[in-house]
Amino acid sequence: MLNFLRQIKLPTFRFSRKPQLPAVKKEKLRIRVANYVTNIGRDYVTVARETATSSRNSPHKFAFWVGLFGLACLAGYTNPSNEDYVAMVTEWNVRLGLLTPETRKPRLDGYISDVTMWVSQGRLRWLNLYLFSVGWLGSDSARCALPHATISQVQPPLRERVVDVAAFGSYFILSNIVKDYDVNDDSFQWTQRLTKKPDISVLEPVISRLGLPLPSRDRETIEKVST
């Protein structure tokens with residue numbers, strides 16, 4: 001039995017190696033790559049020489065374009081993202097939580113509450129335009145496929161749904177709202193009414209019946225109003 005098994009020849013499988021390029025094709029490929037890199041290097045050297053020549057001839061123009069290029073690079077580097085905006089809103093939400101409801105700015109309190117709700121609903125969109133970013137409000141979540149959420153013709157205009165505009169690491173609408181965030185203007189209305197100077201001319205009939213003299217300033221005011 002063992003001799004019979006030894007006489008059986010099993011087929012052998014040979015795996016073919018990866019196809020290799022001939023030496024001639026390899027040499028041609030190296031020459032093409034070297035020529036390509038050489039041409040690019042020559043182009044960059046030519047551009048650098050022309051830039052240096054133009055900067056000597058017109059330094060003001062060169063400085064303007066260099067400054068504009070640097071400003072664009074700075075804007076792109078400091079352009080906030082959606083995560084940065086949500087983190088900023090969360091920070092201001094914590095700050096407002098340390099204040100009493102009577103001292104919070106009502107506009108800021110409502111703005112932070114709305115943005116927090118929109119983020120939880122998935123309705124906040126963030127459009128990165130490299131130089132600046134625009135945050136806008138969607139009608140529904142981004143995963144919603146209903147007609148009123150996908151058809152742009154039935155949605156309000158974009159200018160009415162803008163939440164914030166960001167550039168150079170700043171948020172223009174949020175920065176404007178957070179000014180005097182711990183001052184509630186509604187709480188000062190009664191104070192302003194109490195500190196307002198009373199109008200004595202309203203009491204003129206009562207004072208005349210009592211036979212009391214009117215102050216000179218109020219008498220002149222009443223005469224001007226009567227004339």
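For the salt bridge (Lys or Arg N to Asp or Glu O under 4.0 Å) criterion with R104, the lone passing option out of D180, D109, D182 is D109.
Listed by first and then second residue, the ring pair (Phe, Tyr, Trp, His ring centres under 6.0 Å) pairs that reach into residues 70-89 are Y85-W126, Y85-Y171, sequence neighbours excluded. The list of side chain to side chain donor-acceptor pair (under 3.5 Å) pairs with a residue in residues 93-103, not counting sequence neighbours, reads E91-R95, T100-T103.
By the 4.5 Å heavy-atom criterion applied to side chains, Y36 and I40 are counted as neighbours. Annotation: side chain of N128 is not in contact with side chain of S81 (no heavy-atom distance under 4.5 Å). Residues L129 and N79 have side chains not in contact (no heavy-atom distance under 4.5 Å, counting atoms from C-beta outward). In this structure, the side chains of D84 and M88 stay at 4.5 Å or more apart for every pair of heavy atoms. Residues N82 and L124 meet the side-chain proximity criterion, which asks for heavy atoms closer than 4.5 Å. Using a 4.5 Å heavy-atom cutoff, the side chains of W118 and T116 are not in contact.
You'll find the ring centres of Y111 and W92 outside the 6.0 Å limit.
At least one donor-acceptor pair closer than 3.5 Å links the side chain of K105 to the backbone N or O of K179. Although no hydrogens or angles enter the test, the distance criterion places no donor-acceptor pair under 3.5 Å between the side chain of R123 and the main chain of S120.
The two residues L131 and A75 have their closest heavy-atom pair at O-CB, 3.7 Å. Counting all heavy atoms, side chain and backbone alike, P80 lies closest to S133 at O-OG, 3.2 Å. Contact detail for F168 and T78: the closest heavy-atom pair is CA-OG1, 3.2 Å.
Hydrophobic clustering of Ile, Leu, Val, Met, Phe, Trp and Tyr side chains at less than 4.5 Å, counting indirect connections, unites Y181 with I173. Residues L71 and W65 are members of separate hydrophobic clusters, defined by side-chain heavy-atom contacts under 4.5 angstrom among Ile, Leu, Val, Met, Phe, Trp and Tyr. Residues L127 and Y130 share a single hydrophobic cluster, defined by chaining ILVMFWY side chains whose heavy atoms lie under 4.5 Å apart. At a threshold of 4.5 Å between side-chain heavy atoms, the hydrophobic network of Ile, Leu, Val, Met, Phe, Trp and Tyr places V86 and M117 in one connected group.
From D164, atom CG reaches atom OG of S170 across 10.0 Å, with rounding to the nearest 0.5 Å. We find the CG-CD1 distance between L174 and I112 to be 5.5 Å, quoted to the nearest 0.5 Å.
Both the sub-6.0 Å distance and the 45° axial angle are not jointly satisfied by R161 relative to the ring of W136.
Using modelled atom types, one finds no donor on one side chain facing an acceptor on the other under 3.5 Å when comparing T46 with D43.
Taking a 6.0 Å sphere around CZ of F69, one finds it holds 12 or fewer heavy atoms contributed by other residues, nucleotides or ligands.
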